[in-house]
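In each ligand, atom 1 is the first atom listed, and ligand 1 is the first ligand listed. Note that the structure is a prediction, hence the values are computed from the model and not measured.
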Amino acid sequence: MEFNIALVPGDGIGPEIVGSTVKVMDAVASRFNHTFHYTTYLAGGCAIDEFGEPLPKVTVDGCLASDSVLLGAVGGPKWDHLSGNSRPEKALLGLRKALGLYTNLRPAALQPALASSCVLRPDIADKGFDLMIVRELTGGIYFGERGRNDSGDAAYDTEAYSVAEIERVARRAFEIARKRRRHLTSIDKANVLETSRLWRETVHRLGQTEFPDVLLDDMYVDNAAMQLIRAPSFFDVIVTSNMFGDILSDEASQVTGSIGLLASASLGDSSRGMYEPIHGSAPDIAGKDLANPIATILSAAMMLRYSFNLSEEADFIEQTVSNVLQQGWRTADIKEPGAETWLSGSQMTEKILSEMI
Ligand code: NAD
């Protein structure tokens with residue numbers, strides 16, 4: 001099969017990790033007989049330097065014309081003095097909006113080989129975990145009406161959700177659960193918030209009518225924050241609102257170990273998605289060949305699975321990464337405390353490529 005992929009490497013380590021990922025994608029393409037065509041676009045700080053704005057129209061148009069988008073990371077100290085809409089990070093929101101991406105997927109799995117670097121108690125880490133957080137991305141309190149009173153000594157933010165907004169993200173979560181262990185946990189604060197009560201009603205109605213084969217349960221967000229640390233193996237797929245998902249997905253990512261391993265996907269109604277590592281542009285290590293490319297490589301695996309429906313190819317990438325870690329190979333960010341040698345970013349890429357042969 002043939003796919004057009006828009007590459008948006010961005011700033012800092014972005015070009016290094018996207019470059020590594022393209023090599024891995026090409027190895028997958030030749031093994032499974034696919035063709036990936038890449039076009040590179042600027043966004044973030046590099047676009048400010050070149051075009052005077054973080055998200056030029058040519059980038060938006062190119063991403064809209066592609067089958068999917070692979071993004072590195074944007075931002076860095078060079079552009080920190082800029083404010084509001086001129087900042088590099090504005091490109092991310094702009095791309096999500098332009099591509100109509102209202103669902104964010106963040107897997108958090110404990111790689112068996114890295115159990116010793118997990119911050120959880122060994123008896124909990126030993127059970128392992130593999131969960132997926134499905135977060136609503138374009139509604140809720142982050143997009144609600146907000147303001148201050150005339151004297152400026154009081155402020156408000158409002159949370160609003162419609163049935164349609166809840167249904168579309170919940171449907172996506174049920175579909176993902178169906179392809180995994182068929183267990184969906186909907187997280188809310190229905191004992192306090194009216195939006196959460198609507199959330200709960202809507203998710204249950206959808207479950208009964210369209211997904212009776214998926215086990216659905218609910219959990220209050222405060223309890224979920226505890227259970228992610230006490231018993232992460234309970235979870236398969238989690239679906240939740242924008243703000244709760246923002247907080248819980250960062251919590252879940254921290255319990256796995258390294259930021260350099262964690263992928264994400266943003267999806268909308270079409271098969272086109274935007275795939276990116278959860279970390280930033282890491283200006284402190286940019287250009288030193290220290291960046292771990294694995295989070296971006298695993299993001300590409302998500303692209304193959306969720307946008308191109310190439311599950312076998314996605315499994316192949318994930319299994320290869322897991323094998324390389326199992327063999328003990330580490331980049332600096334995931335090395336054992338006290339270890340004196342580690343791989344550079346390009347050496348890790350080569351290890352992954354050689355494991356694919
Ligand atoms: P960061 O994620 O870039 O870095 C945090 C720490 O993790 C740093 O020590 C960094 O060296 C390390 N790290 C990150 N990715 C790594 C990798 N792949 N391999 C090895 N180590 C890695 O977060 P930050 O320092 O808070 O932000 C730096 C810049 O990135 C800022 O301008 C910020 O706005 C931007 N940012 C962008 C995104 C994005 O594009 N999605 C997300 C977060 C931050």
Side-chain angles (χ1 to χ4, degrees), residues 6-21 24 41-49 54-55 59 63 69-97 99 101 104-106 111 114 117 119 135 137 142 245-247 249-250 253-254 256-266 273-300 302 321 324-325 329-336 339 342-349 351-352:
L7 301 178
V8 185
D11 308 311
I13 61 171
E16 300 167 38
I17 54 181
V18 168
S20 293
T21 303
V24 171
Y41 298 97
L42 298 183
C46 56
I48 295 173
D49 291 350
L55 185 60
T59 298
C63 291
V69 181
L70 181 71
L71 186 123
V74 299
K78 183 175 175 193
W79 306 280
D80 272 351
H81 64 283
L82 299 169
S83 59
N85 285 350
S86 328
R87 290 185 65 82
E89 293 79 4
K90 199 69 196 166
L92 301 174
L93 286 178
L95 275 173
R96 280 181 196 160
K97 193 165 173 220
L99 299 174
L101 308 174
N104 185 244
L105 309 186
R106 281 246 209 134
Q111 294 272 354
L114 292 173
S117 53
V119 294
R135 166 188 168 195
L137 203 56
Y142 292 175
D246 187 11
I247 298 165
S249 58
D250 268 15
S253 68
Q254 281 311 301
T256 62
S258 168
I259 193 169
L261 297 177
L262 295 163
S264 82
S266 300
M274 187 162 88
Y275 297 82
E276 57 184 309
I278 72 155
H279 59 71
S281 59
D284 52 334
I285 56 168
K288 298 180 181 165
D289 199 12
L290 282 174
N292 186 348
I294 291 179
T296 318
I297 291 169
L298 294 178
S299 302
M302 292 184 82
V321 167
V324 167
L325 293 172
W329 299 107
R330 299 283 186 272
T331 41
D333 56 313
I334 50 174
K335 69 183 170 62
E336 297 282 334
W342 55 84
L343 299 183
S344 67
S346 50
Q347 286 169 329
M348 176 56 93
T349 309
K351 277 283 168 236
I352 291 170

#### Entry: OG-CD distance between Ser249 and Gln254, expressed to the nearest 0.5 angstrom
11.0 Å
### Query
Which atoms of ligand 1 have any heavy atom of Ala291 under 4.0 Å away?
19 (N)
### Task
Check each atom of ligand 1 against the heavy atoms of Ala73 and keep those under 4.0 Å away; list them by number with element.
40 (O)
### Message
Using a plain distance cutoff, I'd like to know if Pro277 has any nitrogen or oxygen under 3.5 Å from a nitrogen or oxygen of ligand 1.
### Response
no
### Query
Does Leu92 have a heavy atom less than 4.0 Å from any atom of ligand 1?
yes
### Task
Could you grab the distance from atom CG of Asp289 to atom CD of Glu16, nearest 0.5 Å is fine?
6.5 Å
### Contact check, side chains of Thr296 and Ser20, non-hydrogen atoms, under 4.5 Å
no
### Query
With a 4.0 Å heavy-atom cut-off (strictly under), which part of Ile259 contacts ligand 1: side chain, backbone, both or neither?
side chain
### Numbered atoms and elements of ligand 1 in range of Glu276, under 4.0 angstrom, heavy atoms
41 (N)
### Task
Report yes or no: does Arg87 contribute a side-chain atom to a donor-acceptor pair with the main-chain N or O of Leu82 at less than 3.5 Å?
yes
### Query
Does ligand 1 have an atom that lies less than 4.0 angstrom from a heavy atom of Gly76?
yes
### Message
How far is atom 3 (O) of ligand 1 from the closest protein heavy atom, and which atom is that?
### Response
Ala282 N, 2.8 Å
### Query
Nearest heavy atom to atom 23 (O) of ligand 1: which of Gly280, Gly44, Gly72, Ala286 does it belong to?
Gly280
### Query
Is ligand 1 under 4.0 Å from a heavy atom in the side chain of Pro283, in the backbone, in both, or in neither?
side chain
### Task
Determine yes or no for a side-chain-to-main-chain donor-acceptor pair under 3.5 angstrom, with Ser264 supplying the side chain and Glu276 the backbone.
yes
### Message
Counting only heavy atoms, tell me which of Leu262, Ile13, Asp333 gets closest to atom 16 (C) of ligand 1.
### Response
Ile13
### Query
What part of Asp284, side chain from CB on, backbone N/CA/C/O, both or neither, has a heavy atom under 4.0 Å from ligand 1?
side chain
### Distance flag for atom 41 (N) of ligand 1, protein heavy atom under 4.0 Å
yes
### Task
May I ask you to identify the nearest protein heavy atom to atom 34 (O) of ligand 1, giving residue, atom name and distance to one decimal place in Å?
Glu89 OE2, 2.4 Å
### Task
Would you check if Thr21 and Leu70 make a side-chain contact, meaning some heavy-atom pair closer than 4.5 Å?
yes
### Message
Strictly inside 4.0 angstrom of atom 38 (C) of ligand 1, do you find any protein heavy atom?
### Response
yes
### Query
Can you find a pair of side-chain heavy atoms, one from Pro277 and one from Ile17, that are under 4.5 Å apart?
yes
### Message
Any heavy-atom pair between the side chains of Val321 and Val324 that's under 4.5 Å?
### Response
no
### Message
For atom 25 (O) of ligand 1, is there a protein heavy atom at a distance under 4.0 Å?
### Response
no
### Query
Charged N to carboxylate O below 4.0 Å: is that the case for Asp11 and Lys78?
no
### Query
So which heavy atom in the protein is nearest atom 35 (C) of ligand 1, and how far is it from that ligand atom?
Val74 O, 3.2 Å
### Task
List every atom of ligand 1 that sits less than 4.0 Å from any heavy atom of Gly75, numbering the atoms from 1 in the order shown and giving each element.
32 (O)
### Task
Look only at interatomic distance and state if Ile285 has a nitrogen or oxygen under 3.5 Å from any nitrogen or oxygen of ligand 1.
no
### Message
Donor-acceptor check, side chain of Asn292 to backbone of Gly345, threshold 3.5 angstrom: yes or no?
### Response
no
### Query
Between Trp79 and Asp49, does any side-chain donor sit less than 3.5 Å from a side-chain acceptor?
yes
### Task
Would you check, one step at a time, whether the test side-chain contact (heavy atoms from CB on, under 4.5 Å) holds for Leu325 with Leu114?
CA-CA 8 Å; Leu325 293 172; Leu114 292 173; 4.3 Å; yes
### Message
With the threshold set strictly below 4.0 angstrom, can you tell me whether any protein non-hydrogen atom sits that near atom 20 (C) of ligand 1?
### Response
yes
### OG1 on Thr349 to CD1 on Ile294, rounded to 0.5 Å
8.5 Å
### Task
Please determine if Asp80 has a nitrogen or oxygen closer than 3.5 Å to a nitrogen or oxygen of ligand 1.
no
### Query
For atom 15 (N) of ligand 1, what's the nearest protein heavy atom and its distance?
His279 CG, 3.1 Å
### Query
What residue and heavy atom of the protein are closest to atom 17 (C) of ligand 1, and at what distance?
Asn292 N, 3.7 Å
### Query
Taking the side chain from Thr59 and the backbone from Leu55, do they hold a donor-acceptor pair closer than 3.5 Å?
no
### Task
Among all protein heavy atoms, pick the one closest to atom 29 (C) of ligand 1 and tell me residue, atom and distance.
Ser281 OG, 3.2 Å
